2 protein chains.
Amino acid sequence: MKISKAESTRIEILRNAFDLIYQKGYQATSIDDILVKLQVTKGAFYYHFKSKEEMGIALISDVMHKELWPALKKSIGSTNDFRKNLYKMLKDLLIGHPIMTCEYGCPSVNLIQEMAPLNERFRKALKKNLNEWQNLIEEEIIRAQGAGQLSKDHDPKIIALYVITLYHGVRNMGKVLGKTYYATFLKEFENYLNSLK
Amino acid sequence: MKISKAESTRIEILRNAFDLIYQKGYQATSIDDILVKLQVTKGAFYYHFKSKEEMGIALISDVMHKELWPALKKSIGSTNDFRKNLYKMLKDLLIGHPIMTCEYGCPSVNLIQEMAPLNERFRKALKKNLNEWQNLIEEEIIRAQGAGQLSKDHDPKIIALYVITLYHGVRNMGKVLGKTYYATFLKEFENYLNSLK
DNA sequence: TTGGTTACATACTACATGGTATGTTTAATC
DNA sequence: GATTAAACATACCATGTAGTATGTAACCAA
């Protein structure tokens, strides 16, 4: 199933918008900014998206999801030890992801921070991605509990959200403290995982 | 030492700018936005600040610092138990602070997220505030270690940064999950504090 | 080939934005 | 009370912005 030329320009616009919004933010990225690098004009943009908001929503479930989800699934299923898996998941996200840098953080975290309070549609789309990640971690924890690696007293949901919270936090802190903090954080994260009996 | 009328308008501008930037972000808040509610015009603004950037920098060390710092110092010195103190510090920040809401998060976290990668002066000013908080927590941990509440094997700096990381993370997550998550998080944070031997 | 829809390009508008130039009022000093 | 600088107010400008109106080339079915 090959992609049509029209569909490929749609993807091009979304990809470039994703890169720019990742670095400058959604509101600070203009449609002209997105198009100037590509060989398309506003006519193409408004043919594929009825507004900038519509494009932003599409970004979240299209590019952002495809960029992050496979990496998550791969990292979390590396070994049989859930501690190693959760550690590897955050480590790969922080220092092994091809498009994310310490300077600009994580596109999902950034967009939540900026747009969740301002636009309900953005919030819901971002929450959907977050929920998928949460479920992925929960399943891994339940698996670990079944395998006797972790007490069943723990609520998988709480741990899952806590781990995501840590990730969101360290992505924010990294913008101020620089990449060296990632290593410091990962050590303490390891301690936390080992404290889970 | 009473404040002059000129100084009071300067403060008014900064206060109002702080409120608006807190909700909409720095780049999305226009100077006209800031002034329309006040009884001053652009002449006043550019008399007190040579640019929007200069005003933003002043915001961080003036209003933002004065709004957050006293609350931190008060909360962390409540009891003799460092665990209770750190817990109370985050709890008070999350659900007891007069101006912060779950929806809009924390002004400091927001500004770091938005501006740290884009403007080095912002980053440095924000980092200075962060460093003060970090030192405050470190001192409390060192005190606890001296009082035998915590092993001296722990590096106070690492714990301090880890706690701040958690706060930054939960402020981000709260924007998506709502206020109920604050309570969930605080329980798991308590578990973390108790895991520190 | 023709007709029509798709997939854009071009030109434009109304409005917002940071910043400036210049005028005017207030307040302190003598 | 006159002078002068501080503390604003007003009007304006160049630029950027989301969105629109309209034109046109490519493609596809009949």
Side-chain angles (χ1 to χ4, degrees), chain A residues 1-60 62 111 114-115 118-122 125, chain B residues 1-60 62 111 114-115 118-122 125:
Chain A
M1 174 177 169
K2 72 173 182 180
I3 45 175
S4 66
K5 197 190 168 202
E7 181 62 15
S8 95
T9 57
R10 193 189 115 102
I11 293 174
E12 260 190 38
I13 292 173
L14 281 178
R15 273 284 335 169
N16 199 238
F18 176 76
D19 290 342
L20 290 176
I21 290 172
Y22 169 51
Q23 295 179 17
K24 305 204 306 169
Y26 171 79
Q27 297 177 101
T29 300
S30 73
I31 297 174
D32 288 327
D33 281 344
I34 296 168
L35 299 174
V36 70
K37 207 204 287 181
L38 308 174
Q39 300 299 3
V40 288
T41 61
K42 252 178 194 170
F45 184 93
Y46 281 98
Y47 174 78
H48 288 287
F49 311 99
K50 77 173 230 260
S51 68
K52 188 189 178 188
E53 180 189 2
E54 219 67 31
M55 187 272 298
I57 301 294
L59 250 193
I60 296 169
D62 280 15
L111 212 51
E114 180 187 5
M115 295 305 295
L118 301 180
N119 189 305
E120 183 64 14
R121 296 184 64 201
F122 273 71
Chain B
M1 177 178 167
K2 72 174 182 180
I3 44 175
S4 66
K5 196 190 169 202
E7 181 63 15
S8 95
T9 58
R10 193 189 115 102
I11 293 174
E12 261 190 37
I13 292 173
L14 281 178
R15 272 289 330 177
N16 199 240
F18 176 76
D19 291 342
L20 290 175
I21 290 172
Y22 168 50
Q23 294 179 17
K24 307 205 304 170
Y26 170 79
Q27 297 176 102
T29 299
S30 73
I31 297 174
D32 287 329
D33 282 343
I34 296 168
L35 299 174
V36 70
K37 207 203 289 180
L38 307 175
Q39 301 299 2
V40 288
T41 60
K42 251 175 195 176
F45 184 94
Y46 281 97
Y47 174 78
H48 287 288
F49 311 100
K50 76 173 229 259
S51 69
K52 189 189 178 187
E53 181 190 1
E54 219 67 31
M55 186 271 300
I57 301 292
L59 251 193
I60 296 170
D62 279 16
L111 213 50
E114 180 187 5
M115 295 304 296
L118 303 180
N119 189 305
E120 183 64 13
R121 296 184 64 201
F122 274 72

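Owing to the predicted nature of the structure, the values given are computational and were not obtained by experimental measurement. In what follows, every chain begins at residue 1, and chains take the letters A, B, ... in the order their sequences are listed.
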How many angstroms lie between atom CD1 of Ile21(A) and atom CG of Asn16(A), to the nearest 0.5 angstrom?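 The CG atom of Asn16(A) is 9.5 Å from CD1 of Ile21(A), to the nearest 0.5 Å.
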Excluding sequence neighbours, so at least two apart, what forms side chain to side chain donor-acceptor pair (under 3.5 Å) with Asp19(B)?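 Once residues adjacent in sequence are excluded, the partners of Asp19(B) under the side chain to side chain donor-acceptor pair (under 3.5 Å) criterion are Arg15(B).
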Contacts of type side chain to side chain donor-acceptor pair (under 3.5 Å), residue Thr29(A), not counting sequence neighbours: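 Once residues adjacent in sequence are excluded, Thr29(A) has no partner under the side chain to side chain donor-acceptor pair (under 3.5 Å) criterion.
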Please find the earliest and latest nucleotides of DNA chain C, in the 5' to 3' direction, that have an atom within less than 4.0 Å of any heavy atom of chain B.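 Going 5' to 3' along DNA chain C, contacts run dT17(C) to dT20(C).
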Which donor-acceptor pairs under 3.5 Å do side chains of residues 33-45 of chain B form with protein atoms, sequence neighbours excluded?
| residue | atom | partner | partner atom | Å |
| --- | --- | --- | --- | --- |
| Asp33(B) | OD1 | Ser30(B) | OG | 3.4 |
| Asp33(B) | OD2 | Lys24(B) | NZ | 3.0 |
| Asp33(B) | OD2 | Ser30(B) | N | 3.3 |
| Asp33(B) | OD2 | Ser30(B) | OG | 3.2 |

Between [N] atom [atom2] and [X] atom [atom1], what is the distance in whole Å?
| X | N | atom1 | atom2 | result |
| --- | --- | --- | --- | --- |
| Leu35(B) | dA7(D) | CG | C1' | 14 Å |
| Ile34(A) | dG16(D) | CD1 | C1' | 14 Å |
| Glu12(B) | dA7(D) | CD | C1' | 14 Å |

With Phe18(B) via ring pair (Phe, Tyr, Trp, His ring centres under 6.0 Å) - residues at least two apart: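 Per chain and number, Phe18(B) pairs via ring pair (Phe, Tyr, Trp, His ring centres under 6.0 Å) with no residue.
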Contacts under 3.5 Å, N or O only, protein and nucleotides 18-20 of chain D:
| residue | atom | partner | partner atom | Å |
| --- | --- | --- | --- | --- |
| dA18(D) | OP1 | Lys52(A) | NZ | 3.1 |
| dA18(D) | OP2 | Ile31(A) | N | 2.9 |
| dA18(D) | N7 | Lys42(A) | NZ | 3.0 |
| dG19(D) | OP2 | Tyr46(A) | OH | 3.1 |
| dG19(D) | OP2 | Lys52(A) | N | 3.1 |
| dG19(D) | N7 | Lys42(A) | NZ | 3.3 |
| dG19(D) | O6 | Lys42(A) | NZ | 2.9 |

Can you name the residues that form a side-chain contact (heavy atoms from CB on, under 4.5 Å) with Glu54(A), not counting sequence neighbours?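 Here the qualifying residues are Lys50(A), Ser51(A), Arg121(A).
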Looking at residues at least two apart in the chain, or sitting in another chain, which of them share a side-chain contact (heavy atoms from CB on, under 4.5 Å) with Gln27(A)?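 Result, side-chain contact (heavy atoms from CB on, under 4.5 Å) vs Gln27(A): Glu114(A), Met115(A), Leu118(A), Ala28(B).
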Close side-chain approach of Arg10(A) and Tyr47(A), heavy atoms under 4.5 Å: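 SC-SC contact between Arg10(A) and Tyr47(A) ruled out.
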